[in-house]
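As the structure is a computational prediction, the values presented were derived from the model and not from experiment. The residues of the chain are indexed from 1 along the displayed sequence. The figures that follow rest on heavy atoms only: side chains count, while hydrogens, waters and symmetry mates do not. Both ligands and their constituent atoms are indexed starting at 1 by order of listing.
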Amino acid sequence: MFAAYAAQLSAEDPLSALELGERPDPERREGWVTVRLRAAALNHHDLWSLRGVGLREEQLPMVLGCDGAGVDEDGNEVIVHAVIGSDDFRGDETMDPKRSLLSERHDGTLADLVSVPRRNLVAKPAELSWAEAACLPTAWLTAYRMLYTRGDLKAGESVLIQGAGGGVATAAITLARAGGLKVVVTSRDEAKRQKALELGAHEAYESGERLPARVDAVIETVGKATWSHSIRSLKPGGRIITSGTTSGPDLDDAELTRIFFTQLSVIGSTMGTSRELAQLVALLDASGARPLIDRAIAFEDARDGFAAMLEGDVFGKIVFTR
Ligand SMILES: NC(=O)c1ccc[n+]([C@@H]2O[C@H](COP(=O)([O-])OP(=O)(O)OC[C@H]3O[C@@H](n4cnc5c(N)ncnc54)[C@H](OP(=O)(O)O)[C@@H]3O)[C@@H](O)[C@H]2O)c1
């Protein structure tokens, strides 16, 4: 099968570690199903993998990709849930200490075929295009869990979404509007702020700019560059939900004094369950909200998509189609 895979690891030059070419088809495994992919989407995670974060030399070559949608062995149109739990774990699979994400221990979705446990398949409604469906399992599911499970946000509450151009951030804007929230965003880039407003944000500010009114919750995936601003933007009793550190995890100031004095909650969140993926699909189906696709690229040209993400020249999801 044709695949995009990590052939080596390079912290400084991740694109040099990317290879596009033939890999063996997945082997048959009890309880697992092979899906022929129709579309796959790119995540920052794929760049982290090429840099050697979460992937070791001895695991190479590893097919990249967490997001995908396609047709299973019985002809069903399915979305692939990327969290691979251990066989004997029951309950919320994101809490399974032995879980992995597709492309961390098992070959991922940037390929003609992917093999996953049968329980990782979620039905794709006909109303969602292949490209739209392929956007959901990582960035969109992460945004959904941050907002509505871990953040427990309710209609009428206000939320600040940092780094408006990102995959998780654009998903959060659309999902927050679909759930009746007041949406405030920041971005370093004026064009991205404008696009965020067009996407549904009520207000958009430059990164680090003081907000006119404090918010109930912050969706934080940027880390070091925005953490302090996130904490300072919360109302007393507010919550910050964090799932990523694109600009780095080491904080200049964790704002601990403000956290205890204004009684803030710091909430970690990671991916989501297959049940939440099904709920997310139902929310899109019912609300008409759809993933924003920055660009759809032929799978053979996947390197261009990786390069665009590395440049930060992205608003929404990069999708590879067939
Ligand atoms: N825990 C999980 O389950 C999970 C799941 C998905 C993603 N993540 C993590 O979440 C993060 C975002 O993922 P993604 O796929 O959405 O990535 P992405 O599409 O590359 O978005 C990153 C965004 O961060 C902002 N940013 C980057 N550097 C910045 C800086 N120095 N100052 C201010 N803003 C900066 C940018 O926003 P502007 O250009 O608009 O300023 C950019 O659009 C990644 O670190 C990823 O690993 C975690």
Engineer: Polar-atom distance check: Ser247 versus ligand 1, any N or O pair below 3.5 Å?
Structural biologist: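 There is no such contact.
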
Engineer: Starting from atom 37 (O) of ligand 1, locate the nearest protein heavy atom and write down its residue, its atom name and how far away it is, to 0.1 Å.
Structural biologist: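 Result for atom 37 (O) of ligand 1: Gly163 CA, 3.2 Å.
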
Engineer: Can you confirm, on distance only, whether ligand 1 has an N/O atom lying under 3.5 Å from any N/O atom belonging to Thr246?
Structural biologist: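 Min N/O separation from ligand 1 is below 3.5 Å for Thr246.
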
Engineer: To the nearest 0.5 Å, tell me how far Asp46 CG sits from Met62 CE.
Structural biologist: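 Answer for the CG-CE pair, Asp46 versus Met62, is 12.0 Å.
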
Engineer: Looking only at protein heavy atoms, which one is nearest to atom 15 (O) of ligand 1, and how far off is it?
Structural biologist: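 The closest heavy atom on the protein side is His44 N, 3.5 Å.
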
Engineer: Before accepting this row, confirm whether a basic side-chain N of the pair Arg119/Glu93 lies closer than 4.0 Å to the acidic partner's carboxylate O.
Structural biologist: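 Result for this pair is no, no salt bridge flagged.
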
Engineer: So which heavy atom in the protein is nearest atom 40 (O) of ligand 1, and how far is it from that ligand atom?
Structural biologist: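 Residue, atom and distance for the closest contact: Ser187 OG, 2.7 Å.
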
Engineer: If the contact criterion is a heavy-atom separation under 4.0 Å, does Thr245 count as touching ligand 1?
Structural biologist: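 Thr245 counts as a contact of ligand 1 under the 4.0 Å cut-off.
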
Engineer: Are any of the N/O atoms on Lys192, whether in the backbone or the side chain, positioned under 3.5 angstrom from an N/O atom of ligand 1?
Structural biologist: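 There is such a contact, yes.
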
Engineer: Relative to each other, are the rings of Phe306 and Phe320 parallel, tilted or perpendicular (30° and 60° limits)?
Structural biologist: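 Because their plane-to-plane angle is under 30°, the rings of Phe306 and Phe320 count as parallel.
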
Engineer: Strictly below 4.0 Å, N to O, side chains only: are Asp107 and Arg23 in salt-bridge contact?
Structural biologist: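 Salt bridge absent between Asp107 and Arg23.
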
Engineer: Give the residue, atom name and distance (to 0.1 Å) of the protein heavy atom nearest atom 19 (O) of ligand 1.
Structural biologist: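 Answer, as residue, atom name and distance: Gly167 N, 2.8 Å.
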
Engineer: I need the Asp301 CG to Arg303 CZ distance, nearest 0.5 Å.
Structural biologist: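 So the gap between those two atoms works out to 11.0 Å.
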
Engineer: Under 4.0 Å, heavy-atom basis, I'd like to know which part of Ala139 is in contact with ligand 1: side chain, backbone, both or neither.
Structural biologist: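 Neither part.
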
Engineer: Identify, by atom number and element, the atoms of ligand 1 in contact range of Met271, meaning under 4.0 Å from any of its heavy atoms.
Structural biologist: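 Answer, ordered by atom number: 2 (C), 3 (O).
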
Engineer: Taking NZ, NE, NH1 and NH2 as the nitrogens, is one of them in Arg239 or Glu157 under 4.0 Å from a carboxylate oxygen of the other?
Structural biologist: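 A salt bridge links Arg239 with Glu157.
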
Engineer: Counting only heavy atoms, tell me which of Thr94, Val53, Thr142, Val83 gets closest to atom 5 (C) of ligand 1.
Structural biologist: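 Among Thr94, Val53, Thr142, Val83, the closest heavy atom to atom 5 (C) of ligand 1 belongs to Thr142.
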
Engineer: So, regarding Asn43 and ligand 1 (criterion: nitrogen or oxygen to nitrogen or oxygen, under 3.5 Å), is there a contact or not?
Structural biologist: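 Looking only at distances, the answer is no, because the N/O contact criterion of under 3.5 Å is not met.
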
Engineer: Begin with the C-alpha distance, continue with both residues' side-chain angles, and end with the deciding distance and a verdict on side-chain hydrogen bond (donor to acceptor under 3.5 Å, both in side chains) for His229 and Glu209.
Structural biologist: CA-CA 8 Å; His229 179 258; Glu209 189 178 333; over 6 Å; no

Engineer: Of the protein's non-hydrogen atoms, which lies at the shortest distance from atom 21 (O) of ligand 1, and what is that distance?
Structural biologist: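 Sorting protein heavy atoms by distance from atom 21 (O) of ligand 1 puts Gly166 CA, 3.1 Å first.
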
Engineer: Tell me whether Ser269 reaches ligand 1 (any heavy atom closer than 4.0 angstrom to a ligand atom).
Structural biologist: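 Heavy atoms of Ser269 do come under 4.0 Å of ligand 1.
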
Engineer: Within this structure, what is the CG-CD distance for the pair Leu50 and Glu19, rounded to the nearest 0.5 Å?
Structural biologist: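 Reported to 0.5 Å precision, the distance equals 10.5 Å.
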
Engineer: Would you check whether Met309 has a nitrogen or oxygen atom less than 3.5 angstrom from a nitrogen or oxygen atom of ligand 1?
Structural biologist: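 By distance alone, the answer is no.
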
Engineer: Would you mind running through ligand 1 and noting each atom that sits below 4.0 Å from a heavy atom of Gly244?
Structural biologist: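 Matching atoms, with element in brackets: 9 (C), 10 (O).
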
Engineer: Ligand 1 and Ala169, any nitrogen or oxygen pair closer than 3.5 angstrom?
Structural biologist: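 Among all N and O atoms of Ala169, none is under 3.5 Å from an N or O of ligand 1.
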
Engineer: Nearest protein heavy-atom contact for atom 1 (N) of ligand 1: which residue, which atom, what distance?
Structural biologist: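 Here the nearest protein heavy atom works out to Ser243 O, 2.9 Å.
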
Engineer: Is there a side-chain contact between Ser115 and His106 (heavy atoms, below 4.5 Å)?
Structural biologist: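 Result no, sub-4.5 Å side-chain heavy-atom pair not found.
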
Engineer: Return the closest protein heavy atom for atom 32 (N) of ligand 1 as residue, atom name and distance.
Structural biologist: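 Checking every protein heavy atom, the shortest distance to atom 32 (N) of ligand 1 gives Ala225 CB, 3.3 Å.
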
Engineer: Minimum distance, heavy atoms only, to atom 16 (O) of ligand 1: which one of Val168, Val222, Thr221 is it?
Structural biologist: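 Considering heavy atoms of Val168, Val222, Thr221, the nearest to atom 16 (O) of ligand 1 sits in Val168.
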
Engineer: So is there a nitrogen or oxygen of Arg188 less than 3.5 Å from a nitrogen or oxygen in ligand 1?
Structural biologist: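 Yes; the residue has a nitrogen or oxygen that sits under 3.5 Å from a nitrogen or oxygen of the ligand.
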
Engineer: Would you say that Leu55 contacts Leu9 through its side chain, given a criterion of any heavy-atom pair below 4.5 Å between the two side chains?
Structural biologist: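 Touching, per the 4.5 Å side-chain cut-off.
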
Engineer: Salt bridge or not for Arg28 and Glu73, using N-O below 4.0 Å?
Structural biologist: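 Salt bridge between Arg28 and Glu73, a charged N being under 4.0 Å from a carboxylate O: yes.
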
Engineer: For Thr186 and ligand 1, does the shortest N/O to N/O distance drop below 3.5 Å?
Structural biologist: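 No; every N/O pair is 3.5 Å or more apart.
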
Engineer: Identify the protein heavy atom lying closest to atom 46 (C) of ligand 1, giving its residue, its atom name and the separation to 0.1 Å.
Structural biologist: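 Checking every protein heavy atom, the shortest distance to atom 46 (C) of ligand 1 gives Trp48 NE1, 3.9 Å.
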
Engineer: Can you find an N/O atom of Ser207 closer than 3.5 Å to an N/O atom of ligand 1?
Structural biologist: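 By distance alone, the answer is no.
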
Engineer: Within 45° of the axis and under 6.0 Å from the centre of the six-membered ring of Trp130, does NZ or CZ of Lys124 qualify?
Structural biologist: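 That pair qualifies as a cation-pi contact.
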
Engineer: Hey, are Arg118 and Asp72 close enough for a salt bridge, meaning a charged N less than 4.0 Å from a carboxylate O?
Structural biologist: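 Not counted as a salt bridge, because no side-chain N and carboxylate O are separated by less than 4.0 Å.
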
Engineer: Test of understanding: clusters of I, L, V, M, F, W, Y form through side-chain heavy atoms closer than 4.5 Å, transitively. Do Val83 and Trp140 belong to the same one?
Structural biologist: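 No, because Val83 and Trp140 fall into different hydrophobic clusters, even though each may have its own neighbours under 4.5 Å.
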
